[in-house]
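Heads up: the structure comes next, in structure tokens.
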Amino acid sequence: MGTGAADGSRGARRWLPWLGLFFWAAGAAAARGADGSEILPDSIPSAPGTLPHFIEEPEDAYIIKSNPIALRCKARPAMQIFFKCNGEWVHQNEHVSEESLDESSGLKVREVFINVTRQQVEDFHGPEDYWCQCVAWSHLGTSKSRKASVRIAYLRKNFEQDPQGREVPIEGMIVLHCRPPEGVPAAEVEWLKNEEPIDSEQDENIDTRADHNLIIRQARLSDSGNYTCMAANIVAKRRSLSATVVVYVNGGWSSWTEWSACNVRCGRGWQKRSRTCTNPAPLNGGAFCEGMSVQKITCTALCPVDGSWEVWSEWSVCSPECEHLRIRECTAPPPRNGGKFCEGLSQESENCTDGLCILDKKPLHEIKPQRWSRRGIENASDIALYSGLGAAVVAVAVLVIGVTLYRRSHSDYGVDVIDSSALTGGFQTFNFKTVRQGNSLLLNPAMQPDLTVSRTYSGPICLQDPLDKELMTESSLFNPLSDIKVKVQSSFMVSLGVSERAEYHGKNHSGTFPHGNNRGFSTIHPRNKTPYIQNLSSLPTRTELRTTGVFGHLGGRLVMPNTGVSLLIPHGAIPEENSWEIYMSINQGEPSLQSDGSEVLLSPEVTCGPPDMLVTTPFALTIPHCADVSSEHWNIHLKKRTQQGKWEEVMSVEDESTSCYCLLDPFACHVLLDSFGTYALTGEPITDCAVKQLKVAVFGCMSCNSLDYNLRVYCVDNTPCAFQEVVSDERHQGGQLLEEPKLLHFKGNTFSLQISVLDIPPFLWRIKPFTACQEVPFSRVWSSNRQPLHCAFSLERYTPTTTQLSCKICIRQLKGHEQILQVQTSILESERETITFFAQEDSTFPAQTGPKAFKIPYSIRQRICATFDTPNAKGKDWQMLAQKNSINRNLSYFATQSSPSAVILNLWEARHQQDGDLDSLACALEEIGRTHTKLSNITEPQIDDADFNYGRQNGL
């Protein structure tokens, strides 16, 4: 009985948990709601033990068609597991439970399954997707699994956007848009070309990552074909309509053949040359070459002229040999152009005594006639010719000695011309003898020359910085100066120099030449005091121009007055509630960018910052340049200076890049960038036809000597900041602009530059020796970005009563372009007319912030972006907007932006900061077909009154 009692006690303990669970279930049944759903407690009583651990949790599932899905979970140790769906307990009859024992740990493992039908999911109407969760019990307590969502899978039949066929030129960009049908789960897109899958990982030219679109960066002939967009999920697959892409090649002319021979042997005819449209030949509907395939020109073939004899000369006197002679020449006419020489003898002799003369005891007629050789006659003629040349040389030498002695006796400048080429008025290097003793032009004739000079001039007198122009115009060659040192190297050379080098410093003056055609005018007023030579050691060094502004979320524009440099910060580029002090500067000292090989610096070095500032939208930096833009002759690069001070190439202007964008206009380059720093443009000439644009100008001022007047001719890079530096320097010296500056196209053909003064009134003015014509080597002009290059001319009046100066200054490149500056001025300040020059247009407001800084009102800008950022089946999207604004290359850069249209409009703002030609933008939109009236007629209720009024004031 004791054994039975013990067994009964153990049985009671074994069934006690299950009895508790039973009573819990009974209570739960009693608490069941009226709708029959179960309301179970969050936990049930349990004995001490271990919390359940889920070995397998329910996974997200999709119901395909009408097939139910099974959710399962597994836990250990677990006394019981129930599912809870959408916050309600699932009835225990719907659970399928399996129990096992974990052999490694000896713990009980329970696994439960439930089925979820399509009807259950469709009947559920809640804020979330249909979800289910497992709850497991053990002796210690309960554990809950993750929530598994259950959704009905589907894929609609129609694509939201089918790809459209295109015809693109070779190397153009192809963008095929595809928007798959709506579905759950979201459909995956795959592209087919001619029913074959496209693998973008094997072809770097193809990108399929951008919002299901297919982008081919540079179209190739092999890219022609039928493209299909495939969308698939677990339910079905869908095919879009096929888009036919045709890559065409426009024809190109081959090189011209050599000119054919003239079609006639004699007289007027023609010759021709031809070319074929095979470089390349047009393919796939590409345009045929424009122009003529054959060219003809007239030619004149010189007819051959046979020579003919002149009449015989008279017989000569009878010689002792009893002969006389006569001759004739083949000059009536002489043979030309391959004609035949005269036939027959050129001389003839015969007995002059009818045979009566006896020689060596023989009748003369029996002796073979001895004829004069033609060579003997020619030798006699040569002797006479050489005698005449010798006499001429002696006469010229006597004339040169006489002129030299005369000039020495009448010289006013204490120098002797050794190079006789000065007499011809041509170009020459300058060689001087040492100054004779007692020269009145020396400040102290007894002073010994200083032999510690630092500079030697052995070429034309063309100087390249402000103090050089003072040295040349006021040097001992023209007027005495205490700063000049003379070094005697030999009897044929004088070296000029100064003890130390200094630079002029000036503030940012307003006189400049903007690069546009619509230019305002202002005037330069000279200083009302006598020009003088400044103390060179006291002049500070000018290093940079700088401007700053504070910008926030609304963006704005920062302009460097009168330099052509500007910075556009787009709206939204700076996060809200943030503001930055942004600065911009131009290096005016020695450029830190050292050119390599044939590379030339084409722009100023522009710095913008702070460098650690981050922007969410690319900003636009405008940098002026002096290149005559042509991809055939220039290879232009954008370079950036690193923190270590080295320069590295960012991109070539003609390259395709997604990191930045360069748009090269005739006078400026507009760059879209993501980071601040120091940037500059360099150019590498490809051919000798590469052209730099130079601005040539002439300034004048009185010299220390009241009778002298100095002309300074500048040749500087055609950038506003370069000429601004010249104007600033001339103001320091009291210089006056005498003629409106002009553009000179300087070719990279290695030929030098010549500057000469012409048409000087002969009895009123005279020019100092050796300065009427000056020549500047090619290398100094081609790389003249270091300092402004100029040549100095010194003119002298005969009498103080002469107050008017009229002359011409010719600046030309050998075998190149030429410009004439007409000088017509009064040297007296009271009578002098001020010469206008192109003045500032952008110096009034260096920093503009908010809507006032932009030409397009923000509300209208938003409408344009919303319209063109959305792809269109007819191809009228942001690419068409770019094309209408002359943006035809590197479109892949815009494709990577979140709003391509906004970036295109930012570039438009940077290009049109001067004119703001909104009518042209409105016309471009009308041509695209997105708008049917000009933007000036746009009205919408959502536009704020302030924005709308601002738009009307600016032409929109």
Side-chain angles (χ1 to χ4, degrees), residues 5-63 68-117 120-121 123-124 126-151 185:
D7 293 340
S9 176
R10 286 193 299 270
R13 286 195 300 271
R14 185 172 62 248
W15 288 99
L16 183 60
W18 295 105
L19 288 175
L21 183 61
F22 171 77
F23 288 117
W24 164 79
R32 185 175 302 160
D35 57 353
S37 62
E38 289 183 304
I39 304 177
L40 299 180
D42 290 340
S43 63
I44 60 175
S46 60
T50 305
L51 279 175
H53 170 69
F54 283 97
I55 303 174
E56 181 179 353
E57 297 186 76
E59 300 289 340
D60 296 338
Y62 295 94
I63 296 178
I69 55 98
L71 298 179
R72 67 174 60 194
C73 64
K74 183 189 295 185
R76 68 180 179 191
M79 297 172 55
Q80 192 59 270
I81 300 177
F82 286 96
F83 271 92
K84 196 177 189 179
C85 293
N86 301 319
E88 297 182 357
W89 295 101
V90 179
H91 196 280
Q92 61 182 359
N93 294 336
E94 299 178 10
H95 291 73
V96 177
S97 178
E98 295 180 359
E99 184 177 321
S100 61
L101 187 66
D102 188 350
E103 297 179 356
S104 60
S105 62
L107 299 176
K108 185 181 294 184
V109 178
R110 183 173 294 275
E111 185 175 6
V112 176
F113 305 84
I114 66 168
N115 289 328
V116 180
T117 65
Q120 289 176 309
V121 177
D123 291 343
F124 173 70
E128 301 178 308
D129 292 334
Y130 190 96
W131 60 270
C132 293
Q133 183 182 37
C134 285
V135 181
W137 285 268
S138 71
H139 295 288
L140 187 61
T142 62
S143 297
K144 295 181 181 180
S145 71
R146 66 179 294 273
K147 290 182 179 180
S149 63
V150 180
R151 304 176 67 186

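Numbering of residues begins at 1 and proceeds along the displayed sequence.
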- Indicate yes or no for a side-chain donor-acceptor contact from Ser145 to the backbone of Gln133 under 3.5 Å, with no hydrogens or angles considered.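 A pair under 3.5 Å: no.
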Between [X] and [Y], what is the shortest heavy-atom contact and its length?
X	Y	result
Cys85	Ile114	SG-CD1, 4.1 Å
Pro52	Gly141	CD-O, 3.6 Å
Ile81	Ala136	CG1-CB, 3.8 Å
Arg110	Ser97	NH1-OG, 3.0 Å
Lys84	Trp131	O-CZ3, 3.8 Å

- Would you check, one step at a time, whether the test side chain to side chain contact (heavy atoms under 4.5 Å, CB included) holds for Ile69 with Asn115? CA-CA 6 Å; Ile69 55 98; Asn115 289 328; over 6 Å; no
- Query: Should Asp60 and Arg146 be marked as a side chain to side chain contact (heavy atoms under 4.5 Å, CB included) after you check the CA-CA gap, both sets of side-chain angles, and the distance that decides it?
  - Reply: CA-CA 10 Å; Asp60 296 338; Arg146 66 179 294 273; 3.5 Å; yes
Is there a side-chain contact between [X] and [Y] in this structure, where contact means two heavy atoms from C-beta onward sitting under 4.5 Å apart?
X	Y	answer
Ile55	Val109	yes
Val135	Trp89	yes
Val150	Asp129	no

- Task: Return the set of residues passing ring-ring contact (aromatic ring centres under 6.0 Å, His included) with Phe113 (not counting sequence neighbours), or none when no residue passes.
- Result: none
- Query: By ring-ring contact (aromatic ring centres under 6.0 Å, His included), which residues pair with Tyr130, not counting sequence neighbours?
  - Reply: Phe124
For the [atom1] atom of [X] and the [atom2] atom of [Y], what is their distance to the nearest 0.5 Å?
X	Y	atom1	atom2	answer
Gln120	Glu94	CD	CD	6.5 Å
Trp137	Ser143	CH2	OG	10.5 Å
Gln80	Ser138	CD	OG	12.5 Å

- Task: Decide side chain to side chain contact (heavy atoms under 4.5 Å, CB included) for Ile63 and Val121; before the verdict, give the C-alpha distance in whole Å, the side-chain angles of both, and the deciding distance to 0.1 Å.
- Result: CA-CA 9 Å; Ile63 296 178; Val121 177; 3.5 Å; yes
Which pairs would a plain distance check flag for residues 70-78, meaning a side-chain donor or acceptor within less than 3.5 Å of a matching protein atom at least two apart in sequence or in another chain?
| unit_1 | atom_1 | unit_2 | atom_2 | d |
| --- | --- | --- | --- | --- |
| Arg72 | NH1 | Glu111 | OE2 | 3.3 |
| Arg76 | NH1 | Asp102 | OD2 | 2.1 |

- Query: Under 30°, 30 to 60°, or over 60°: which ring-plane class applies to His95 and Phe83, parallel, tilted or perpendicular?
  - Reply: tilted
